[in-house]
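Here is the structure we will look at.
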Amino acid sequence: MMKMSKMRQAVLGTLALAAAIPGQAQTTVNTAPELQSVTVTAQRRTENIREVPVSVTALKGEKLDVLISGGEDIRLLAGKVPSLNVESSNGRTFPRFYIRGYGNTDFNTFASQPVSLVYDDVVQENPILKGFPIFDLASVEVLRGPQGTLFGRNTPAGVVKFESERPKLGKTEGYVNASIATHETANLEGAVNVPLSDKWAMRVSAVGQHRDDFVENFANVAMTQKRNELDGYNEHAERVQFLYQPDSNFNALLNLHQRNTNGSARLFRANLIQKGSNKIVPGYDLDKIVTNAENFQQLKTNGANLRLSWDFGNFRLFSVTGYEHVSDYYSRGDIDGGTPGGPGFIPFQVQTGGYITDLDQYTQEFRVESKNTGPLNWQTGLYFFDEDATGGSDNFNDAGARTSRLVSNQKNDAWAAFASVNYTLTPDWTIRGGVRYTKDEKEFQTLVNENVAQIGPRSVETSQDKVNWDLSASYKLNPAVNLYGRVATGFRAPSIAAASAAVPITVANSETITSYELGIKADLFERRARTSFSVYDYTVKDQQLTVVGGNSNVNRLINADRTKGKGAEFDFEAAVSTALRVSAGASYNYTQIRDASLSVNKCAQCTVTDPLNAAGRVVINGNPLPQAPRWTVNATARYGVPFADGELYFFTDWSYRSKINFFLYEATEFVGAPLTEGGVRLGYIFGNGKYEVAAFGRNVLDQRRITGAIDFNNLTGFTNEPRQWGVQFKGNF
């Protein structure tokens, strides 16, 4: 556990070092180029990342392109920046995000999360919307800590913000990016920017991804009856944008997008975990699986947003209108992970399907931003949110016939008013403060309960309003070094989980967070390097937690009285020479549930390490939050040299996370072992920078780890992705 006194010592030591470095830089030989300035929109304005009083990391350019080269989905971001984890028990759909150990393992159709994903200024609320493919992006920003004033909607842990490349006036350009890799994994991405007139421009972007089914699927443990092959996918997504900019005072940007995904659902493997350890059973072949259930996943989404901007001289007015629609989502799999004959002992067979038949989300924001040249600047606005979602779950018998069905509907309406002020006290001191009022209402009802006994009421309603605020101060220690401190609050409205067998509709009360943060950001060695370091401490009151499994296939919500979190984060990037560039990041995240009254049912076959109460239930007081690694580390290096009228380069990236707990209780088998994943890339850029060919590898150590589990039946688990080798071509025009 990191004591606050140690945190203060670390901060003071770093400040002293940063203060000394600019003086040292004067004697450095000028052999390396400067790093380009990084701008972010963490405060809804475009600012230099060094001047923003928030812990934020931006992924752009080549680093982002390298990560997506193997056709991976949004989970690839896990561990690539400090304090960020991303996982899913649904494969390429329904990702769950965690920042500073704070997230939500809820797999309920109507789950909310404390990490908000914002795509082109539009919040993607339901988790099924959060997995939109990564392509043709200008940047990815990860904002750590509560963002409840300017972003609002369910952001007590932070925000992951995506920004697409925008159309450009007067310039025809584009690119094509194609790769092929292990298991016939193919990724084809491209974009073209077309100026339609001196006032209009269009940008068309698309991505297509494919992987062959490569995991052999057998219908019996003896593997004498082959069913098919699994774990492949086909996915494509498209985006068309139109920019209208008649002059410098007005612009309109229309964005139309869609996604279509088909393939395997998550592969659950019966008795994958060696009893008494958290290791994969020796000899377990991850290229084979034994199941007796249908396994597939399909998803269709589409949406549109319209962003308008008017410049009135002293202020600017923005309007952001968003619409997202899910027309078809179904994911079906073998939850027990085997057959009546095994592998291993399986107490009962469980086949389920989860789905959304219809989801509509409408959002509208109006925001006014000042453009004062004096010390005072401000923002203020209104936000509206409306969601109507219908979905449910099915259970099946061994013959594949449906045995039960549960269908529910949730309507969620919310509105908010917010304001933020920046004031420059002196050339060195700046303070910022903000406030937001939110009103959130939900209506939830069971529509169909076929062979599922409805316990309690068939419908519930919740209503909650809340005021959040933040206050920060930043100080320029010198022209290259900024210090900041920030206090912020956040809020997540009540959540509702559908009924299930012997469990009524459950409602979790709203949760709130108060967070304290200190940090330093610096440009070093005459802007040949940049670094940031932050320490934080937060308390969550009434945190919403998800109880899954234990002794039956259920999902219900509870509140914990308190959750504590504290830690530190570090980012570094440097141009060591004209040939060598490096980056590194690290985070320490400590979380602890503090509620002596909380207990949950224990698993059927695992080795519980927590104490039991008099009722035989597991006491979870003092446990870390699920999916919250104590340590994460990431690093990249790029070395390039001139070669045959081009550049030959080598790029490598690595990420490490320490062990994680899968559930609220602790058990030997349900602790994910530490995971190290690395990538390598050898490339050649030629044709005046227009073309690139490369060979690459992902997860080059082929380190396979159990990354999640099912705890109510047997020691069922699922794993990370296997090693991948491939080649890539990119052309610009």
Side-chain angles (χ1 to χ4, degrees), residues 88-94 106-111 126-128 217 219 227-228 230 261-268 270 289 291-301 326-340 346-359 388-410 444-456 458-459 496-506 546-557 708 710-714 716 718:
S88 174
S89 56
N90 289 55
R92 296 175 71 85
T93 63
F94 213 94
D106 195 349
F107 57 84
N108 175 48
T109 301
F110 310 98
N126 190 285
I128 204 65
N217 181 25
R227 287 170 55 87
N228 49 27
L230 297 171
T261 300
N262 288 280
S264 292
R266 171 66 87 175
L267 297 187
F268 300 101
I289 193 169
T291 68
N292 60 341
E294 295 297 317
N295 181 291
F296 63 88
Q297 190 171 87
Q298 59 196 41
L299 172 64
K300 292 182 180 179
T301 70
V326 179
S327 60
D328 178 27
Y329 168 65
Y330 200 104
S331 183
R332 179 170 170 177
D334 191 350
I335 305 305
D336 63 85
T339 68
I346 302 175
F348 55 91
Q349 295 288 294
V350 186
Q351 301 179 26
T352 66
Y355 50 88
I356 293 176
T357 56
D358 186 61
L359 184 150
D388 189 339
T390 300
S393 60
D394 296 337
N395 287 311
F396 303 89
N397 60 24
D398 288 348
R402 192 176 72 214
T403 57
S404 67
R405 163 162 284 191
L406 183 72
V407 183
S408 306
N409 171 264
Q410 177 174 280
F444 189 94
Q445 62 177 320
T446 301
L447 302 179
V448 177
N449 57 309
E450 175 186 315
N451 293 329
V452 179
Q454 178 78 56
I455 299 175
R458 294 182 63 87
S459 64
I496 304 174
S500 57
V503 177
I505 297 172
T506 56
T546 301
V547 179
V548 296
N551 56 9
S552 61
N553 184 21
V554 299
N555 180 34
R556 62 186 178 89
L557 298 173
I710 302 293
D711 73 327
F712 63 84
N713 194 355
N714 61 79
T716 297
F718 47 88

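What's counted below: heavy atoms across the whole structure, side chains too, no hydrogens, waters or symmetry copies.
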Working to the nearest 0.5 angstrom, can you tell me the gap between S88 OG and R266 CZ?
6.0 Å
Within-4.5 Å side-chain heavy-atom neighbours: D394 and Q351:
no
Value rounded to 0.5 Å, distance of OG in S327 from CG in L359
10.5 Å
Value rounded to 0.5 Å, distance of CD1 in I289 from CZ in F718
12.0 Å
Has the side chain of N90 got a donor or acceptor atom that lies under 3.5 Å from a matching backbone atom of F94?
no
Could you tell me the separation between the CD atom of Q410 and the CG atom of D388, rounded to the nearest 0.5 Å?
9.5 Å
State, to 0.1 Å, how close D334 and A293 come at their nearest heavy-atom pair, and which atoms those are.
CB-CB, 3.6 Å
Begin with the C-alpha distance, continue with both residues' side-chain angles, and end with the deciding distance and a verdict on side chain to side chain donor-acceptor pair (under 3.5 Å) for T93 and Q297.
CA-CA 9 Å; T93 63; Q297 190 171 87; 3.3 Å; yes
Is there a side-chain contact between T291 and R227, using heavy atoms and a 4.5 Å cut-off?
yes
Provide the closest heavy-atom pair for S331 versus A265 in the form atom of the first, atom of the second, distance.
OG-CB, 3.6 Å
How are the rings of F712 and F348 set relative to one another: parallel (under 30°), tilted (30 to 60°) or perpendicular (over 60°)?
parallel
For N262 and L299, indicate whether the former's side chain and the latter's backbone hold a donor-acceptor pair under 3.5 Å.
no
Using side-chain hydrogen bond (donor to acceptor under 3.5 Å, both in side chains) as the criterion, point out the one residue from D106, T109, T546 that pairs with N555.
D106
Under 3.5 Å: donor-acceptor pair, side chain of S404, backbone of E450:
no
If I compare all heavy atoms of N126 with all of F110, which pair ends up nearest, and what's the gap?
ND2-CA, 4.3 Å
Given side chains that start at C-beta, do those of F107 and V548 come closer than 4.5 Å, heavy atoms only?
yes
Okay, side chain of S393, backbone of G353: is any donor-acceptor separation there less than 3.5 Å?
no
Do the non-hydrogen side-chain atoms of I346 and N713 ever get within less than 4.5 Å of each other?
yes
Once the angle between the rings of Y330 and Y355 is folded into 0 to 90°, is it parallel (under 30°), tilted (30 to 60°) or perpendicular (over 60°)?
parallel
Report yes if the side chains of I356 and T390 come closer than 4.5 Å at any heavy-atom pair, otherwise no.
no
As a quick check of understanding, evaluate side chain to side chain contact (heavy atoms under 4.5 Å, CB included) for D358 and V326, giving each step before the final call.
CA-CA 6 Å; D358 186 61; V326 179; over 6 Å; no
Quick check against the 3.5 Å criterion: does N409 have a side-chain atom that pairs as donor or acceptor with the backbone of A389?
yes
Grab the two heavy atoms, one from G354 and one from Y329, that are nearest each other, plus how far apart they are.
O-CE2, 3.9 Å
For the atom pair CZ (F268) and CD1 (I335), what is the distance rounded to the nearest 0.5 Å?
4.5 Å
Mind checking whether L267 and N295 have side chains closer than 4.5 Å, heavy atoms only?
yes
F396 vs T352 side-chain heavy atoms within contact, under 4.5 Å:
no
Start with the C-alpha gap between F444 and S408, add the side-chain angles, then the distance that decides, and say whether side chain to side chain contact (heavy atoms under 4.5 Å, CB included) holds.
CA-CA 7 Å; F444 189 94; S408 306; 3.5 Å; yes
If every non-hydrogen atom of V448 is compared with every non-hydrogen atom of R458, which pair is closest and at what distance?
N-NH2, 4.4 Å
Between CG on residue N395 and CZ on residue R405, distance to nearest 0.5 Å:
11.0 Å
List the atom of P340, the atom of N292, and the distance in Å for their closest heavy-atom pair.
CD-ND2, 3.5 Å
Check: T446 and I505 side chains under 4.5 Å, non-hydrogen atoms
yes
